[in-house]
Structure formats: C-alpha cells, structure tokens
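No hydrogens, no waters, no symmetry mates; every other heavy atom, side chains included, goes into these values.
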Amino acid sequence: MTHRLLLLLRRDLALLLGGGRRGATVLPVLFFLAVAMLYPFAVGPDAPLLARTGGGVIWVAALLAAILPLDRLIEPDLELGVFDQLALRGVAEEAVLAVRVFAHWIAFGPPLMLAALPASALLGLDGPSLRVVELGLLAGTPGLAALGVTVAALTAGLKGGAALAGLLVIPLAVPLLIFGAGSLAPGGESGVALTAAVSLVLLAIAPFAGAAAVRSARG
Amino acid sequence: MQACRLAATDLACRRGDRVLFQGLSLALNAGAALQVAGPNGVGKSSLLRVLAGLLVPLHGHVERQGATGLIDERAALDPHLPLDRALAFWGRFDAVTAEPYAQLGLAGLGDVPVRYLSTGQRKRAALARLLGQVAPIWLLDEPLNGLDRAGAALVETLAAEHCAGGGICVIASHQAFALPGMDTLELAQFSPQEGPS
C-alpha cells in the first residue's frame, strides 16, 4: 500500500511541478510577485505606509495565487477516469486526496515562501516583519493547499467550476488571512500559532470532504 | 487465476429523476460471460459502473469476489505523457512483470504522447492496462468502439481466453460480440416502463 501511495505521490508531483500540461508552478508565483509589484505603483513610494501594509498585501497576494491552480488539481483526473481505476484497485479516495494535498503544498507553499523574499523587498518590509511573514506562510500554506484541494474536488465537473472554486475559496480562507496577517501587528506573533491551528483543522477535514466530493462527482 | 464470482441481487439504478432499470439480479461464476445489450440510454454503462462498485445502486446490492478491471471510454492515461510512461505508471501500480503489450499492436507507439493517439489506439492502450491488472472480473463498456476489424477480433480473442482461464467477462455493447458460451441480458426488459420481468 505504501508503495502505491509513493507511486501516486510521484505522479502528482510530476504533474503539478513538472513540465506536464498541468505544470506551471511558476504561474501562481509570478502572479504573487505581480501583485506585490503593482501595489507600490498604486499607493505611491511612501516607504512607511508600504512597510506598514506590505505584510497584509503579501497575504492577500498569497490567497489569490492559491486560486490559480485549482482547476488543475482534481478535474483532469476525474475526466480521465483515473479516480475510477484507483478505486477499482482498492485505493481509498481519502488516501488519494491526502497525497494530492501534500503534493499540491510542495508545488505551491515553498515556491511562494521563496517568492515572498523579493516581494517583501519590493514592499520594503524589515527583517523582523519578513520573519513573521515567512513563519505565517509556513503555517498557512498547508491550510490553503488543503482548502484548494477540497474546493477543487467540490467544483470538479461543474460548468464554470474554476470560477466558482475561486469564489468558494476566498471566504473559507478568511480565518487564515485574519490570523496570518494579524500576526504582523505589533505583539501579534501568536497569530502564527492560530494560523497553524486553522491549517491543521483544514488538513484534517480535506481528505474526507474531498473524497466524498469525488465519489459523488463520479456518479 | 484466483477464484471469482460476481452476483447482484434486485438491483435498481437511478440517474437524475429517471429509474433506468429495476429488479435486476444476476450471478456469474468463474468462466462465465455475459453481454448486456440494449438501445442507447437504457443504462448499460450505469449497470457496469454499479457492478464495478463505482456507482451506488438505488436498491439492491452487488457481491464481488476477486479484483475488477474496467474498460470504458476513458483510458485513464495522462494525455501529455508518452504512451510508454503513461502505461508504466499503471504497470508499476499493478506490479506488472511481463510485457503484455506486444500483441496489442502498440509497438512503435511508445514515445508518442497519449493525446496524439487515435481512438482505437487509445482503446488498445486501455486493454494493455487491463491485461497488466490481472483482474479476474472484466467489465468492458463498449469495448469495440473505435477499433478496426483486427482490433475487434483481438478483443474477442482476449475475452475468450480470459473466460477459458476462469475469468468473468461482462460486456456492455450494442454491437455483436462473438464469444463462445456467452449469455445475453436484454436490459430493456428491466426498465420500469415495461415492468420487471
């Protein structure tokens, strides 16, 4: 069984990271950087203002970037019949979804944390703020990945599912945003722990909610 | 081949608001073959998906003993990968040791991305996946679609060999399928408009 899950993980990583049609890990990262770059243009070169609001902008950009890969997460495999073939081989959907959450995080979380370095330079964040932003992203991106996979499973097979998925993710990600961005306020470092707590809840729910959605979408 | 059995009791299946069939029972033992026949939309594919355990029936239950392989219109092969690598994923998954692909006429297509394959070639690739799975129960949904005459004969031979080896074959098709000793199930008899027979 472990051997099969490792095979699945390899396939998922190759699809989400690699040169496949579904690849394009770069796309959310570029989008993230683009938002971070646009913001100073929009509000003007007021360094104190940028430094004060920059952390929040990074969080909003991360949330929006999380929407981009949604339509590649579940829908293609549902259409190809991969979920059917896995079910026939006795692999539980929950396991498939858990593997996919992990693969999606690998393809999405660490690249975003790397991109947060140039983004915080663009926004003029100081060292301590950058540290909190990076810690917050480390705590929050697993939750965003879990949420993304769940919502992608819920909307797979629907007409206009991609747009609907985006709309669904935004309100559900609000707790992550509040705690994540809130941790940047003076004395708000405990927000990182709360972000991690929200992430853990989402991670615990995602495989089961996603598996139920896949099973009903398959009907 | 491991022991296998496929039985269904008092099945009913609903898609949307419509009950497709009801009161359907069947029992297949090792070596049996069954063709599910009927016009389009009568529920052949749904019956196969219910038998495979992929669709929950409205009523009744299915008993499966032995692994189940399914072929339908989707090949479950990653479209951007070369055929060899797409098949290799399932090969490793099913721990295939032999190379059963040669007889399927796929030689020379190994480095062609799956999305460039024709319908018939994709069907042959799906057959290769099924052969690698070594499942005693075969559920074939329109297995002849898109295949040329040689391909169709090949599928019939493979199915005959599978049944002779103690496997079970259920074939949903509106086309004639030549298989010795095969029973036919007219699904239309179980549609609620006609009343259960």
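Taking each heavy atom of B:Leu54 and A:Ala87 in turn, the nearest pair found is CD2-CB, 3.8 Å. In plain terms, the two heavy atoms of B:Arg92 and A:His3 that are nearest each other are O-NE2, 3.6 Å. Residues B:Leu70 and A:Gln85 share a closest heavy-atom pair of O-NE2, 3.0 Å. The two residues B:Asp94 and A:Arg89 make their nearest non-hydrogen contact at OD1-NE, 2.8 Å. For B:His80 against A:Leu15, the heavy-atom pair with the smallest separation is CE1-CD2, 3.1 Å.
Proximity of B:Trp90 to A:Val82: side-chain heavy atoms (C-beta onward) are separated by under 4.5 Å at one or more points. Between A:Arg215 and B:Val56, every side-chain heavy-atom pair lies at or beyond the 4.5 Å cut-off.
Using a 4.5 Å cut-off between heavy atoms, A:Arg10 contacts chain B through its side chain alone, with no backbone atom that close. Using a 4.5 Å cut-off between heavy atoms, B:Ala67 does not touch chain A at all. The contact between B:Leu55 and chain A is made entirely by side chain atoms (from C-beta outward), counting heavy-atom distances below 4.5 Å. Contact annotation for A:Leu5: neither backbone nor side-chain heavy atoms come within less than 4.5 Å of a heavy atom of chain B. Neither the backbone nor the side chain of B:Arg64 comes within contact range of chain A, judged by heavy atoms closer than 4.5 Å. Neither the backbone nor the side chain of B:Leu81 comes within contact range of chain A, judged by heavy atoms closer than 4.5 Å.
For the set A:Leu86, A:Leu88, A:Leu8, the entry with the most heavy-atom pairs within less than 4.5 Å of chain B is A:Leu88. When A:Arg218, A:Arg4, A:Glu79 are compared by the number of non-hydrogen pairs under 4.5 Å with chain B, A:Arg4 comes out ahead.
In B:His59, the NE2 atom is not crowded: 12 or fewer heavy atoms of neighbouring residues, nucleotides or ligands sit closer than 6.0 Å. For B:Arg85, the CZ atom counts as loosely surrounded, since its 6.0 Å shell holds 12 or fewer non-hydrogen atoms of other residues, nucleotides or ligands. Summarising the local packing, CZ of B:Phe177 is surrounded by more than 12 heavy atoms from other residues, nucleotides or ligands at distances under 6.0 Å.
Separation of atoms CZ (A:Arg11) and CZ (B:Phe93) is listed at 9.5 Å; rounding is to 0.5 Å.
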Just do the side-chain contact (heavy atoms from CB on, under 4.5 Å) check on B:Leu77 and A:Leu80 with the steps written out, would you?
-> CA-CA 7 Å; B:Leu77 298 169; A:Leu80 285 175; over 6 Å; no

